[in-house]
Trainee: 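Here it is, the structure, as structure tokens.
Per chain, numbering begins at 1; letters A, B, ... match sequence-line order.
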2 protein chains.
Amino acid sequence: MSQSPTEEATRLELAVQLLRSRQERVTPARLAVLGVLDETREHLSAEEVVGLAAGRVPTVHRATVYRALATLGELGLVAHIHLGGSSTVYHLTVPGLPAAADHHVHLQCTRCGTVLDAPAEVMTALQSRLEQDQGFRLDPGHTALLGTCRACRSADG
Amino acid sequence: MSQSPTEEATRLELAVQLLRSRQERVTPARLAVLGVLDETREHLSAEEVVGLAAGRVPTVHRATVYRALATLGELGLVAHIHLGGSSTVYHLTVPGLPAAADHHVHLQCTRCGTVLDAPAEVMTALQSRLEQDQGFRLDPGHTALLGTCRACRSADG
DNA sequence: CTGCTTGCAAAGTGTTTGCAGGCCC
DNA sequence: GGGCCTGCAAACACTTTGCAAGCAG
């Protein structure tokens, strides 16, 4: 999974550094949330983060996790993606790196719910087009694109 | 707005025809929902439909509207769009016409919430690319694209 | 110490479901 | 009439908020 273990170990520390530099408090709850997100390659729903964070800090409360996710989001440490319907999933962002580099676009099948990944670059043409035409700066990874996956297409026609 | 008033008047009737042809019952509640959507160029949230439908049929219940929207959706008379966050908006679809023809893509600003329209064709390249590469059939109008609008960009930097 | 963060519980949204009665066909 | 559709109320999932106590800095 990881090519340099050191880098892995540093992600959390980087986050903590950034918290301190912004005069934000480093609390067990926030560390738990960051730790949970750091250990997953997946994108987790708020409720999943609640569950996993509880595994680390049993006293951590649902509301606290939501507040932590909001705060960390404002600080740019955590980002979220809107999937179809009302589900939102969260993931860690690496402050140093350009967002586009490690981001991919999410494709969600409206029939089976599966989420596929597509390289971020499939959106670049659209992105510049929208920016030129309407002055709209598209955030490519912020929403999942909806449609039908191959499996469901062949199953249904 | 409309080139032939007759066509306008017929939209509802077309919907009713289709309901009957599918052996679906034509009830006051369903007519109210269809009528509300027919009279608006806007896309309405379920709750807005509830409010407006109540203006026509005061006894209509919230749950009934949700059920009607679901049923009409399955029949292809109504479509919905996922905006950012958890909001979903509904609109009438014209059974006869190719969906792409009168559909546009929605761009929602994550700062001010405004929804802009873009021509459907901005998505065509992406659409065929995804279909070729991953076998994923993109439904271009089903999700709003998120980003920052011109006004908010200049306000914020 | 100071006051940002937390835990708790309760309220808020937006949507869904079980059931008995009502109305479309 | 038969059975789908409706109204009602309650349940539901997810998220937010007010408040007092707790802990980071």
Side-chain angles (χ1 to χ4, degrees), chain A residues 15-36 43-75 77-78 80-90 110 113, chain B residues 15-36 43-75 77-78 80-90 113 144:
Chain A
V16 172
Q17 276 177 34
L18 197 143
L19 278 178
R20 293 200 199 281
S21 74
R22 302 274 189 103
Q23 267 62 126
E24 287 286 337
R25 295 187 181 171
V26 179
T27 65
R30 289 176 177 181
L31 284 175
V33 169
L34 287 171
V36 163
H43 303 291
L44 303 174
S45 70
E47 216 57 32
E48 288 171 326
V49 176
V50 168
L52 292 170
R56 294 162 172 253
V57 182
T59 64
V60 81
H61 193 272
R62 183 175 270 88
T64 303
V65 170
Y66 278 95
R67 282 189 277 228
L69 287 171
T71 306
L72 296 171
E74 284 163 19
L75 294 171
L77 289 171
V78 167
H80 60 271
I81 299 161
H82 299 287
L83 299 182
S86 53
S87 48
T88 304
V89 292
Y90 297 83
T110 46
Chain B
V16 172
Q17 276 177 32
L18 197 142
L19 276 179
R20 292 200 198 281
S21 74
R22 303 274 190 104
Q23 316 315 203
E24 287 286 337
R25 296 191 179 168
V26 180
T27 65
R30 288 177 177 182
L31 284 174
V33 169
L34 286 171
V36 163
H43 302 292
L44 303 174
S45 70
E47 216 57 33
E48 289 170 325
V49 177
V50 169
L52 292 170
R56 294 162 171 252
V57 183
T59 64
V60 81
H61 193 272
R62 183 176 269 88
T64 303
V65 171
Y66 278 96
R67 282 188 278 226
L69 287 171
T71 305
L72 297 171
E74 285 163 18
L75 294 171
L77 290 171
V78 168
H80 60 271
I81 299 162
H82 299 285
L83 299 182
S86 54
S87 48
T88 304
V89 291
Y90 296 83

Trainee: State which of C:dT5, C:dT15, D:dC5 makes the closest approach to the side chain of B:R30.
Mentor: D:dC5
Trainee: With rounding to the nearest 0.5 Å, note down the distance linking CG in A:L75 to CG in A:L19.
Mentor: 6.0 Å
Trainee: Taking any heavy-atom pair under 4.0 Å as a contact, classify A:T59: base, sugar-phosphate, or nothing.
Mentor: sugar-phosphate
Trainee: Taking atom CZ of B:R56 as the centre, does the number of heavy atoms from other residues, nucleotides or ligands within less than 6.0 Å exceed 12?
Mentor: yes
Trainee: Using whole Å, what does the distance between atom P of nucleotide D:dC14 and atom CD of A:E48 come to?
Mentor: 9 Å
Trainee: Rounded to the nearest Å, what distance is computed from the CD atom of residue A:Q23 to the P atom of nucleotide C:dG3?
Mentor: 15 Å
Trainee: Dump the pairs, protein N or O against N or O of nucleotides 9-12 of chain C, anything under 3.5 Å, distances to one decimal.
Mentor:
none

Trainee: How far apart are the closest heavy atoms of A:R30 and A:R25, and which atoms are they?
Mentor: NH1-O, 3.0 Å
Trainee: Enter the inter-axis angle for the ends of the helix from C:dC1-D:dG25 to C:dC25-D:dG1 (five pairs per end, rounded to 10°).
Mentor: 40°
Trainee: Without decimals, in angstroms, what is the distance between B:R62 CZ and D:dG7 C1'?
Mentor: 13 Å
Trainee: If I take atom NE2 in residue A:H82 and atom P in nucleotide D:dC14, what distance separates them, rounded to the nearest angstrom?
Mentor: 16 Å
Trainee: Would you tabulate the pairs of protein nitrogen or oxygen atoms and nucleotide nitrogen or oxygen atoms of nucleotides 20-25 of chain D closer than 3.5 angstrom?
Mentor:
unit_1, atom_1, unit_2, atom_2, d
D:dG25, OP1, A:R20, NH1, 3.0
D:dG25, OP1, A:V26, N, 3.3

Trainee: May I have the distance from A:Y66 (atom OH) to C:dT13 (atom P), rounded to whole angstrom?
Mentor: 16 Å
Trainee: Take the protein atom CD of B:Q17 and the nucleotide atom P of C:dC25, then report the distance between them rounded to whole Å.
Mentor: 14 Å
Trainee: How would you label the contact of A:T71 with the nucleic acid (heavy atoms, under 4.0 Å): base, sugar-phosphate, or nothing?
Mentor: nothing
